[in-house]
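Count residues from 1 along the sequence. Note that the coordinates shown come from a computational prediction; the quantities given were computed from them, not determined experimentally. Just the heavy atoms: all of them, side chains too, but no hydrogens, waters or symmetry mates, feed the values below.
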Amino acid sequence: MEKVFKTLGFDPSRHNLRTELIAGLTTFLTMSYILAVNPDILSSAGMDKGAVFTATALSSAIGTILIAFLAKLPFAQAPSMGINAFFAFTLVQGMGYSWQAALAAVFVEGIIFILLTVLNIRQQIVRCIPVNLRFAISAGIGMFIAFIGLKNAGIIVSNPATFVTLGAFTPTAILACIGIILSAVLMARKVKGALFYGIVVTTIIGIPMGVTQVMEGFSPVSLPKSLDATFLQFDFKALLNMDMALTIFALVFMDIFNTIGTLIGAASGTEMMDEEGNVKNVKEAMMADAIATSVGAALGTSTVTTFVESASGIAEGGRTGMTALVTSGFFLLALFFAPLFLLVPSAATTGALVMVGVLMMDAVKNIDLKDISEAFPAFITMITMVLTYNIAEGMALGLISYALVKLFSAQWKSLNLTLIIVVALLLLRYIFQ
């Protein structure tokens, strides 16, 4: 047992086992909403919901176990909120690729991430994107996720005159509104696992409303759903074009920024961060993330990344890989409760999507809004993600506007070579599109 403890970074003389166990459970409850939300989002791309659930639970468990033993840190992993929306609504619905091609892109992204981590050049990728645009991308994705939730629930609908408008108050829309308010209240009252409980209660309320459909003979427990529909379902031929090359690049740096931002944000102020502000064992954590992404794609889900909800377990005192190991155990246990998670209607996940958007908007406060050459590209990034219903377009237009404003306002020293190359490629894409 002592050897296991050591491989997890757990020292009985400095760490408390009960604290680590409670921290692991807290992290799971806080992020377990992904087990209901991810299958719901990816099924809109034509994927089998049951298979995606299994892929989500397994990839989350595998990624979190890797963090536990490789990095010895109390972080958990799961398919990224934001990137799963990019997968379903941008790659598949927006750009017209099959979900098999999208999975192939995620798999390749994971391999590239592994190589970047091994070669220690991930920092160059990070430095390529201006700091203010990094915050804008995070906030923009948050707005996009919230918009998806409102659209899927029928709260926001299309309109030929105004493009979008408020929808009718159908039972589905009313249930979604209940879920949004409930999730907000639970979070305001600092209830651990607020989003998870919000989904559960909203799903139950949806039964008498006729929104939650409970089939006759329903059983909450079953053997894990088969992966046959999604396992190794890759279409690599679709990757051989400039659009997909740029898409894979976007996936890579979204994953890198998400992981680094989460690690730094959650570890800040703890002994997991050194005096220079670097997270200990960050390379190992990044490697765990990269491997989990490729494994997740092989199983049948979008990019796996480190979850910011890990901060809840850290707040409970989790400091070692033991916390992560406990969290992974709950993800494996969840495999046998697929019927419960798959019972959740889209309307019941709206609250979680909107509140994730609210949390991601926190990044706006870090944007330098006093400098118009920084504020304008940030604004373009955020607003075009929503208005084009495309995260990639928002990122591309934000980068292009940043480069052009800096160039023509005689601030060209703010540009770096990598950014110039990326912007040139993006401009060529629009010219020849």
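Put simply, the side chain of Ser44 gets close to the backbone of Ile41: a donor and an acceptor are under 3.5 Å apart. Judged by distance alone, the side chain of Gln93 and the main-chain N or O of Ala45 form no donor-acceptor pair under 3.5 Å. Remark: the backbone N or O of Gly398 is paired with a side-chain donor or acceptor of Ser401 at under 3.5 angstrom. Within the 3.5 Å criterion, the main-chain N or O of Lys72 finds no donor-acceptor partner in the side chain of Glu284.
The number of heavy-atom neighbours closer than 6.0 Å to CZ of Phe234, taken from other residues, nucleotides and ligands shown, is above 12.
Within the structure, the ring-ring contact (aromatic ring centres under 6.0 Å, His included) test picks out no pair touching residues 165-184 (sequence neighbours left out). Among residue pairs with one or both ends in residues 293-302, those qualifying as side chain to side chain donor-acceptor pair (under 3.5 Å) are Asn38-Thr301, Asp255-Thr293; sequence neighbours excluded. Counting only residues at least two apart or on different chains, the ring-ring contact (aromatic ring centres under 6.0 Å, His included) pairs with a member in residues 30-53 are Phe53-Phe341. Within the structure, no pair that satisfies the side chain to side chain donor-acceptor pair (under 3.5 Å) test touches residues 141-154, not counting sequence neighbours.
Val252 and Ile112 get closest at one heavy-atom pair: CG2-CG2, 4.0 Å. Smallest separation of non-hydrogen atoms from Lys225 and Gly50: CB-O, 3.4 Å. Between Asn241 and Ala238 the shortest heavy-atom distance is ND2-O, 3.0 Å.
Asp362 is linked by a side chain to side chain donor-acceptor pair (under 3.5 Å) to Lys365, counting only residues two or more places apart in sequence or in another chain. Take Leu335 and apply the side-chain contact (heavy atoms from CB on, under 4.5 Å) test, not counting sequence neighbours, and it matches Thr54, Ala57, Leu58, Pro224, Leu332. For Ile156, the side-chain contact (heavy atoms from CB on, under 4.5 Å) test picks out Phe147, Leu150, Val164, with sequence neighbours left out. With sequence neighbours excluded, the residues satisfying side-chain contact (heavy atoms from CB on, under 4.5 Å) with Met287 are Ile114, Thr117, Val118, Ile291. Shown here are the side chain to side chain donor-acceptor pair (under 3.5 Å) partners of Asn132, two or more places apart in sequence or in another chain: Glu374. Remark: Thr64 engages no residue in a side chain to side chain donor-acceptor pair (under 3.5 Å) (not counting sequence neighbours). Judged as a side-chain contact (heavy atoms from CB on, under 4.5 Å), and not counting sequence neighbours, the contacts of Ser98 are Gln100, Ala101, Asp235. With sequence neighbours excluded, no residue satisfies side chain to side chain donor-acceptor pair (under 3.5 Å) with Thr388.
The closest side-chain heavy-atom distance from Leu325 to Ser328 is below 4.5 Å.
Aromatic ring pairs are classed by plane angle as parallel below 30°, tilted from 30° to 60° and perpendicular above 60°; the pair Phe144 and Phe89 is perpendicular.
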